[in-house]
Amino acid sequence: MARIGNAKQLAEYRKQVKASKPESRKAIAVCAGTGCKAFGSFELFEAFREALARHELDRQWDLRATGCHGFCERGPLVLFFPDGMLYQRVKSSDVDEIVQTTLKQGKVVDRLLYTDPQSGDAYIKERDIPFYKHQRRLVLEQNGQIDPCSIDDYIALGGYSALAKALAMGPHRVLDEVERAHLRGRGGAGFPAGRKWKTCRGTESDKRYIICNADEGDPGAFMDRSVLEGNPHSVLEGMIIGAFAIGADEGWVYVRQEYPLAIERLELALEAARAKGLLGEDILGSGFAFDVHINRGGGAFVCGEESALIASLEGRRGVPRRRPPYPAVAGLHGKPTNINNVETWANVPLIVGKGADWFRSIGTEGSKGTKIFSLVGKVNNTGLVEVPMGMPLRQIVEDIGGGIPGGKRFKAVQTGGPSGGCLPADKLDVAVDFDSLTAEGSMMGSGGMIVMDEDTCMVDVARYFVGFLKFESCGNCTSCRDGLERMHELLTDITEGRGTDETIALLEDLAATVKATSLCALGTTAVNPVQSTLKYFRDEYEAHVRDKRCPARVCKALISYTIDNDACTGCTLCAKRCPQDAISGQKKGPHTIDQDKCIKCGICRDVCTYDAVRVE
Amino acid sequence: MSAPPVDIGRVDRVLARHPAGVQGELINVLHDLQAELRYLPRQALERAASHLGVPEAHLFGVATFYEGFHLEPRGEHICTVCMGTACHVRGAPRLVEQAERDLGIRAGQTTPDMRLTLETVNCVGACALGPLVIFDGKYHGNMTPDRLGRLIGKLAKKGSE
Amino acid sequence: MERRFKINDIDVKARAGEHLLDVARRYGFEIPSLCHHEALPPIGACRICLVEVAWGGRRELCTSCNFEVIEGMQVTTDTPAVQHHRAMNLELLLARAPGSARLRELAAQYGVRRTRFGPPATSPLPNCILCELCVRACEQLGNHALTMVGRGDKKRIGLAFNSPSEQCTGCASCASVCPTECIPVKDTAAGRTIWGQTHPLVLCKVCGAPVMTERQRAKAIAKKGLPEEYYDFCESCKQSTASKRFASIVW
C-alpha cells in the first residue's frame, strides 16, 4: 500500500478506488455493531459469505460488515445496495431464502421487512421507515455503507478530502471556519469548539496536544462507540484537521476499555492512515506531522471530565482539578491541550468539507448541526438516532422511537445521561438543543435519552442515578462524596417506606449544597435527577412517604404479590419456579403466595402465562 | 484459598512492551498485565511500579481508583450484569438479586470454589438488548431472572460432574 | 505580576498565581478550612473555605484554597449562602469525625451541634475526614508511603497493598498535620508505633528524649550526607551543647 504524496494523488487514488467499486455495484451490508453482533450478526455474515460462494454470486455481490445502522432494536440488520432495501431480525437460517428469492429472482422476502407494529405497514427501503425518515444523518451517514476496517471505502466516499482542503486553507482559515460554524462540543457542556481551538493555538508553547475523549461513561449511551466502530476514519480525519489548525503534533484517543471493538477498529484505522501517509510525518506532502496514540480508560466515569481525563493519561488517579487554568492553556503535561469528544471530532471533516455556511443552515440559533442520541428504555425503537438540533422531544420519542411498547403510558424522558433531568409529558414539546434543555432543568449531555413509562418509579430512578454517581464520584469533595452517599441513604429510606416529609426536605437541602459547592461538573450536576423528579414528580415522592405506596409498583418494600384466583388455572409453573417455595396450591387448583416467605423477586409474575399474579 | 504463584517472567514480558520510566503508561500497563494474568497480583504491581519508576503507593492508589482493575483473583467464569440505565428500567436489579441468591455471593465476589465471579458493569452500550448479562464475554440479551437462574444452574451442574 | 482586588470591600494585593485563601489570611480575614496547609498543594477537598467571588459579570461560590486570584474581582467571605453551605458540609463531615473537638467547635460556630447523618458506610480510620493532608505531606517529604485508596464513597487513606510500608519512616508528619488527629501514633520504649509497624527511635545522648526514628535518620544521612553523630542530640540539647562549646572558645 503506497503512500499518498499530496492532494492530487489523493484525488487520483479516490478515482481508482471508485472505479473498482462503482456505486451502482450490488452490495450486502451486514451490521456488525455491538448490538447486532450480540444478536448473531457475525454468524450471519459468515453464512452470507458461504452462501454467496456456494451460489457463485460473490463476483456480483459485495459483502461487507459495516458499523452500527442505529436500529438496534431490530438487529441483526442487513441492507442491500444500491437500492437501500432493509431486512431486519435476519437469522443465519434466512440466508438461503434471501439468496434464492432476493439475490437470484430480485423479489422481496416480506417477512424480513420492517413492519410498523401500530399501522401494520411494511417498508421496503430503509429511508422510508419512520425510524429513519425523520432523522438527518450526517455524522452517521456512512455508518451503514462502509466497511469500517477499509480506508478505501472511506476514501471512496470522499474521505480525507476535507483534510486535503484544510491543509490548503492553512491553520488560521480552518480555525475561522470552525468558529464560524459555531460547532459546540458534543460531550456535554456545549462549549464552542472554535473558541477552544483558538485559545489552545494562541497559548505560547513549544508543544501542544489534542485529545479525543471517547470515555463514554454514561449508562444508556453508545453514540461515540457506534461512531468509532462504524466510521473511525471520520473521527481520525477530524483530529488531524484539528491538530493542523491548533498546531499540535501529538494526539490521544482516550477510549473506554469496555469498548473492545471500537479500540480494535481504531487501531486498524490508525495503521491504515499511517501507511497511506495521512498520519505521521509529512502528511499529504504538507510537511505537517502528527500522530495519534490510543489510551484505554481504566473504568471511571469521572474521567469524562477533561481535567480528570488528563490526570488519567498522566498515569494518576482520575481526580478533577479546579479550572482555570483550562486544558487549552495548561493541559496534558502542563502543555496547551485541546479536548473534544468523538462526535465533535467527527463533525469537523463535514464542516471543513462542506463549509461553515452549510453547517449553520442546520439546527437552531444557538445550536448548529445535528446531534446523535441513543434512544433507549421503554420505547419501541431502541437505537441510535441523529436529528437536527431543535427537533421537539416529542418527535424523537413518538415518531422516531415509535412510542411506548405494550400500550403503556409515557411518563418521562431523561436526557443528558446520569446527571440529566427527567422531563414529564407536558415538556415533550421542548426543542432539543443545548439551551432549551438546560432551561427545563435537564441538559443535552452527551446524548443519552432514556424513555420511561408508567411502570417506572421516579424515586427509584433518582435513587439509581445517585447510586451510580456516588460510586463514580472521585471522592475528593465532601459535598459530592458524602453528600451523594447521604442523598442515596435518604432516597433508600423513601423507597423502603421509612421516609417522612422531613426526609424529602433534607434531601432537597442537601441537593442544593452538593450542586453549589462541588468542584467539578460530576458533583454540580449529580443532583439533576433528584431535583428534576422532585420538581415534576413530587406526588410520587409524597405517595412513598405519606401513603407508603409506590405508584409504579416498583419499590419492593411497598408492594406485595398475590395470585388472582379467578385467573389462576393451577398450572403450578409459578410454584415450581419460586426460589423461596413460597407458593402453594393443588394442580388445577388456585395457588396462594405465603407473604412471609415471599422475597418479591417477581419470577412468578414473569412466568405466569395467564397474567394471574397481581402486584399491589 | 491462597492465590497461585505469579510467573514473574510473564510479568516482565508484558512490562518490556512498555517504555520504562514513563508514568503515562501506567493504565495501559495495568490493562496488559491484567489481560495476561486475569487479575493484578501484588508481585506484578510491585514490578510495574519499579519499571515505571513510580512509588508503590501511587500505583496502588491508581489501581484501586479504576473499576476496571481487579486486585483479587477472579473465577474461572465471569458473569457480568449490565447496570446501565436502559437495563435498570427493564429490570436489571432483579437479575443481580437472582444471581446473588443462586450463587450465595454478592456482586463483586467470587464463589469459594473459584468457579464464578459475579460482576456488574455500568453499561456496555448494548441498550437495545437490555436487560443484558454477559457470560464469559458472550452477550445474553433480554434476560429474565428465571433464565439467568437456569444459566447459572447449568454451570453449577457442570461443576459437580 | 501583581493582582489587585477586594475582599469584603477592602483593597488587597497579591502575586499572580497565588491562592485566594493564603492572601485572605495574610490580610487577617478569617476563613475556616480543614484541608489546607500553606506548604502543601491545595486540592479543595473539605469545601469549608467557601467564599463568593464576583468578576466580569460572573458570580461564583467557590473554595478559596485552590482559587487563583483574579485582577479586579470582589470577594465576599461570609454571605448567607456561604454560611448555609458551609454548615451543611460541616454537618456531613461531623458524621465522619464526631470525635474531633476542632470539627465540633467549628461546626458549632455555624449552628451545627448534631448531625442528622449516621456514621458513613466505609470508614476504616475513625474520625478521618479524607482531607488528604497526610498523603500530601507524605508525598511532599518524598516518602510516598501513604496513598488514597479506592474512590467515591469507598475512598480511604491507606498504604500500598494495605500492608506496612518500607517507605514509611515513622516521621509522623501525617499525624501532626491531621486536622482531626485521627492517625494513631504512640511512642514507647520499644519505639514509635504508626501505620502498623514499630520504628526504633534514636534517643538524645544527653537527655534521652526521642530525636527521630532510625529510618528517618538513615534517610536523612543518605540525603544530606551529614555524619551520623549530627543526629545524636535532640534540638534543645544540640543548642545547649553548641552554646557551651561557644562559651569555652570565647572565654
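Chain A is the first sequence line, chain B the second, and so forth, proteins listed ahead of strands; every chain is numbered from 1. As the structure is a computational prediction, the values presented were derived from the model and not from experiment.
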Output the option from C:Arg86, C:Glu68, C:Arg116 having the highest count of non-hydrogen pairs under 4.5 Å with chain A. C:Arg116
Provide the closest heavy-atom pair for A:Asn476 versus C:Lys155 in the form atom of the first, atom of the second, distance. CA-NZ, 3.6 Å
For A:Leu469, which atoms come within 4.5 Å of any heavy atom of chain C: side chain, backbone, both, or neither? neither
Is it true that C:Lys154 and A:Glu472 make a salt bridge, defined as a side-chain N closer than 4.0 Å to a carboxylate O? no
Is C:Ala121 close to chain A through its backbone or its side chain, or both, or neither, when contacts mean heavy atoms under 4.5 Å? both
Chain A contacts, top residue of C:Gly150, C:Ala95, C:Cys62 (heavy-atom pairs, under 4.5 Å): C:Gly150
Got a sec: does the CD of A:Glu365 have more than 12 other heavy atoms crowding it under 6.0 Å? no
State, yes or no, whether a side-chain contact exists between A:Leu519 and C:Ile43 at a heavy-atom distance under 4.5 Å. no
Non-hydrogen atoms of chain C under 4.5 Å away: do they reach the side chain of A:Pro324, the backbone, both or neither? neither
Strictly distance-based, threshold 3.5 Å: is any side-chain N or O of A:Thr478 a donor or acceptor partner for the main-chain N or O of C:Ala45? yes
More than 12 heavy atoms of other residues, nucleotides or ligands under 6.0 Å from CD of A:Glu508: yes or no? yes
Can A:Asp509 and C:His84 be said to form a side chain to side chain donor-acceptor pair (under 3.5 Å), step by step? CA-CA 10 Å; A:Asp509 206 9; C:His84 176 81; 3.1 Å; yes
Heavy-atom cut-off 4.5 Å, strictly under: side chain, backbone, both or neither for A:Arg321 against chain C? neither
Does a donor on one side chain and an acceptor on the other come within less than 3.5 Å for A:Thr513 and C:His85? yes
Should A:Glu485 and C:Phe117 count as side-chain neighbours, where that means a heavy-atom distance under 4.5 Å? no
Inspect the surroundings of NZ in C:Lys186 and state if more than 12 heavy atoms from other residues, nucleotides or ligands are less than 6.0 Å away. no
Ion pair check, A:Asp482 and C:Arg96, cut-off under 4.0 Å: yes
Within the side chain of A:Arg322, is there an N or O that forms a donor-acceptor pair under 3.5 Å with the backbone of C:Gly44? no
Student check: side-chain heavy atoms of A:Leu484 and C:Asp153 closer than 4.5 Å: no
Chain C contact via A:Cys477 - side chain, backbone, both or neither, heavy atoms under 4.5 Å: both
